[in-house]
Amino acid sequence: DTDRERSTDEAVRVILEGMQWLGLDADEGPYYQTHRYDRYRQVLAQMLERGEAYRCYCTKAELEAMREQQLARKEKPRYDGRCRERTEPQPGIEPVIRFKNPLSGPVIVDDQVHGRVVFDNAELDDLIIARSDGNPTYNFCVVVDDMDMGVTHVIRGDDHLNNTPRQMNMLLSLGATPPVYAHVPMILGADGAKLSKRHGAVSVLQYQQEGYLPDALLNYLVRLGWSHGDQEVFSREEMIAAFDIKDVNKAASAFNPEKLLWLNQQHLMRAPVSVLAPALRAHLAALGVLVTDDRLLEGVVNAQRERARTLQDMAQNSLFFFRDFEAFDDKAARKHLTAEAVPLLAALVEGFSALPEWNAGAIHEVINAVALRQGLALGKVAQPLRVAVTGGAVSPPIDITVALLGLEKVRARIKRALGYSSATVANGQT
RNA sequence: GUCCCCGUCGUCCAGCGGUUAGGACACCGCCCUUUCACGGCGGUAACACGGGUUCGAAUCCCGUCGGGGACGCCA
């Protein structure tokens, strides 16, 4: 949080809650770099004293001119170290502090993903480690933190690979042993361009809101740049057991929302009711439905788990279980709630009402018997019934749906459907 | 522009000198089926290009091209 501008309470909260939702917990921390400024200043003073860092009095205009010239000469823009020998303060200028990077020689990064990467010190410049207001910068803070906190492994996106030699130089200068580095490939947007808000670079919490399971998101992400045979679906435990940083690829990968959706469904099919039920309850609540019947909630989870790709879908498609639908789906009603359906629905109500035991098996037999008696295919009876009790043409298996709904609601809804049928008959719309 | 990284189906991965180049998502058929799904079977689809090395290259080397990243008193 060394950047006062961007490090808002909200930004911090989103990170912490996102990690918590994913179940990615930490043994210590979190640590805030703003709380450690005294320590950074102490190291800064020490480096200044030892000549490992120096004050730079260059103005922004001067720096800008330098940059322009270098660009014009087709060179990599970088600070030329002109203040290295300048010892006298410049009046009216608050200096920044720069690290005195070695002028030559190689810096070798033995990266766990990329292998050996060699940089030339001549390519590196003296980076600013403290701003003119005295505040330390990120690249310096992390170095001090890595040293102080005994960090052994740094695993981060490979956009940081270029920072590594500078950080190693500072660590070496401070007499610390650099940690092991592993730079994992970046994730690009679905269009192959850098990930942006447009295509997926949203807060982790947004995936929660959209009805993804944390394990599914983790599963999707872990398979980017990594694999374990032909296995696609991993439980959290399986990921942990199979993963090895050494098996990670070097190439960036594109974010594919379709596959995430598929994986989420796979996890929805496998997850225990104990995790799905509360999650579905929350998504129903977001749609304005407060669930009071836990048995029903669990039944719905099991009935819907393989036909929803997100919990949001599941909630949306399950509304009719918890409250009466406002109107029949037009197309479905016109097709199935016909005059021919009236006697069928009447027979079903009769059959259901006479049932000594209320369960899917018994309900199935009633539907079957009605179809048989009328000489109709099962679908000819099932569809009108489905539209009658759910309002639409899509639902879990009709016997299970009816069983979950209960006799009372089923009777009321069929009665309502009979009203619809006779109304259309009266209007000559059949 | 300079430096660094990367390059197998549209996408995610397998492949580690000899394979009909394999799996998954998506897409297209067919099957299962009371709807929708799930599931099953089959199909379309790739080694960026050019040089080497080798009896033999997707696999090794070089170059080209392409993509990404870094180059900030941001992190």
Side-chain angles (χ1 to χ4, degrees), chain A residues 1-3 5-7 33 56 58 60 63 67 70-79 94-98 109 111 113-115 117-120 122-125 127-139 141-142 157-166 183 185-188 190-194 220 223-233 249-263 265-266 269 304-309 317 332 336 364 367-368 371 376-387 390 392-399 401:
Chain A
D1 58 344
T2 56
D3 183 354
E5 300 266 314
R6 283 199 293 182
S7 182
Q33 288 172 324
C56 168
C58 292
K60 296 212 175 177
L63 259 18
R67 184 189 154 79
Q70 287 163 335
L71 246 21
R73 271 182 265 133
K74 296 182 188 287
E75 287 173 10
K76 181 179 189 170
R78 60 185 187 282
Y79 184 65
E94 282 304 320
V96 297
I97 299 174
R98 290 183 185 271
V109 181
D111 190 272
V113 171
H114 290 272
V117 182
V118 182
F119 293 85
D120 189 339
E123 286 295 331
L124 274 25
D125 66 356
L127 78 160
I128 292 172
I129 55 181
R131 305 180 177 90
S132 49
D133 64 5
N135 290 327
T137 59
Y138 162 81
N139 268 300
C141 293
V142 291
D158 64 20
D159 49 340
H160 279 284
L161 188 50
N162 285 291
N163 286 330
T164 308
R166 302 166 180 286
H183 288 90
M186 310 215 20
I187 300 170
L188 274 18
D191 56 1
K194 189 180 180 181
Y220 177 70
R223 278 283 287 104
L224 256 26
W226 176 83
S227 67
H228 184 65
D230 282 341
Q231 189 171 350
E232 296 286 349
V233 183
N249 291 155
K250 306 172 184 185
S253 42
F255 188 87
N256 183 348
E258 289 292 329
K259 188 152 186 179
L260 206 210
L261 239 16
W262 174 77
L263 262 177
Q265 181 169 31
Q266 294 297 313
M269 291 191 297
Q304 299 277 227
R305 61 196 313 156
E306 69 186 28
R307 61 200 94 233
R309 301 208 290 180
N317 297 334
H336 299 291
H364 189 261
I367 300 170
N368 235 344
L376 293 170
L378 198 52
K380 295 289 181 190
V381 179
Q383 278 309 87
L385 175 58
R386 173 171 282 114
V387 178
T390 72
V394 176
S395 85
I398 192 60
D399 46 3
T401 302

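In what follows, chains are A, B, ... by sequence order, proteins preceding strands, each numbered from 1.
For A/H160 and B/A70, the shortest distance from a side-chain N or O to OP1 or OP2 is not below 4.0 Å. One finds no side-chain N or O of A/K74 lying less than 4.0 angstrom from the OP1 or OP2 phosphate oxygen of B/U2.
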Exercise for the section: Start with the C-alpha gap between A/R386 and A/Q383, add the side-chain angles, then the distance that decides, and say whether side chain to side chain donor-acceptor pair (under 3.5 Å) holds. Expected result: CA-CA 5 Å; A/R386 173 171 282 114; A/Q383 278 309 87; 2.5 Å; yes
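Across every strand in view, B/G50 sits in a pair with B/C62 that passes the Watson-Crick or G-U test at under 3.5 angstrom. Across all strands shown, B/U20 remains unpaired; no Watson-Crick or G-U wobble contact has both distances below 3.5 Å. Nucleotide B/C25: paired with B/G10 (Watson-Crick or G-U wobble, both distances less than 3.5 Å).
Rounded to whole Å, the distance from CG on A/L263 to C1' on B/C38 is 15 Å. Rounding to whole angstrom units, CH2 of residue A/W262 and P of B/A26 are separated by 8 Å.
Within 4.0 Å of A/S253, counting heavy atoms only, lie sugar-phosphate atoms of the nucleic acid but no base atom. Counting any heavy atom pair closer than 4.0 Å across all strands shown, A/D133 reaches no nucleic acid atom. A/R73 comes within contact range of no nucleotide atom at all, as no heavy-atom separation falls under 4.0 Å. In this structure, A/H183 reaches neither bases nor backbone, as no heavy-atom distance under 4.0 Å exists between it and the strands shown. A/N139 comes within 4.0 angstrom of a nucleotide base, judged by non-hydrogen atoms across all strands. Using a 4.0 Å heavy-atom cutoff across all strands shown, A/Y220 reaches no nucleic acid atom at all. When heavy atoms are screened at a 4.0 angstrom cut-off, A/D125 is found touching no nucleic acid atom at all. Among the heavy atoms of the strands lying under 4.0 Å from A/P396 is at least one base atom, whether or not backbone atoms are also near. Counting non-hydrogen atoms under 4.0 angstrom, A/V117 reaches the backbone sugars and phosphates but no base.
Annotation for A/N249 and A/W226: closest pair OD1-N, 4.4 Å, computed over non-hydrogen atoms. Contact detail for A/G157 and A/H183: the closest heavy-atom pair is O-CD2, 3.4 Å. The two residues A/G225 and A/S253 make their nearest non-hydrogen contact at N-OG, 4.4 Å.
Of the residues near RNA chain B, A/R307 and A/K76, the one whose nearest nucleotide (by heavy atom distance) lies more toward the 5' end is A/K76. Between A/L224 and A/K60, the residue anchored closer to the 5' end of RNA chain B is A/L224, taking for each the nucleotide with the nearest heavy atom.
Stacking here means ring centres nearer than 5.5 Å and ring planes tilted less than 30 degrees, and by that measure A/H228 does not stack onto B/A14.
Judged by distance alone, with hydrogens and angles left aside, A/S132 brings a side-chain donor or acceptor within reach of the base of B/C73, the pair sitting under 3.5 Å.
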For nucleotides 21-23 of chain B, list the nitrogen or oxygen atoms of the protein found under 3.5 Å from its nitrogen or oxygen atoms, one pair per line.
| from | atom 1 | to | atom 2 | distance (Å) |
| --- | --- | --- | --- | --- |
| B/G23 | N2 | A/E232 | OE2 | 3.1 |

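Distance alone, capped at 3.5 Å, places no donor-acceptor pair between the A/Q33 side chain and the A/Y138 backbone.
When the shell of 6.0 Å around CD of A/E94 is examined, it contains 12 or fewer heavy atoms from other residues, nucleotides or ligands.
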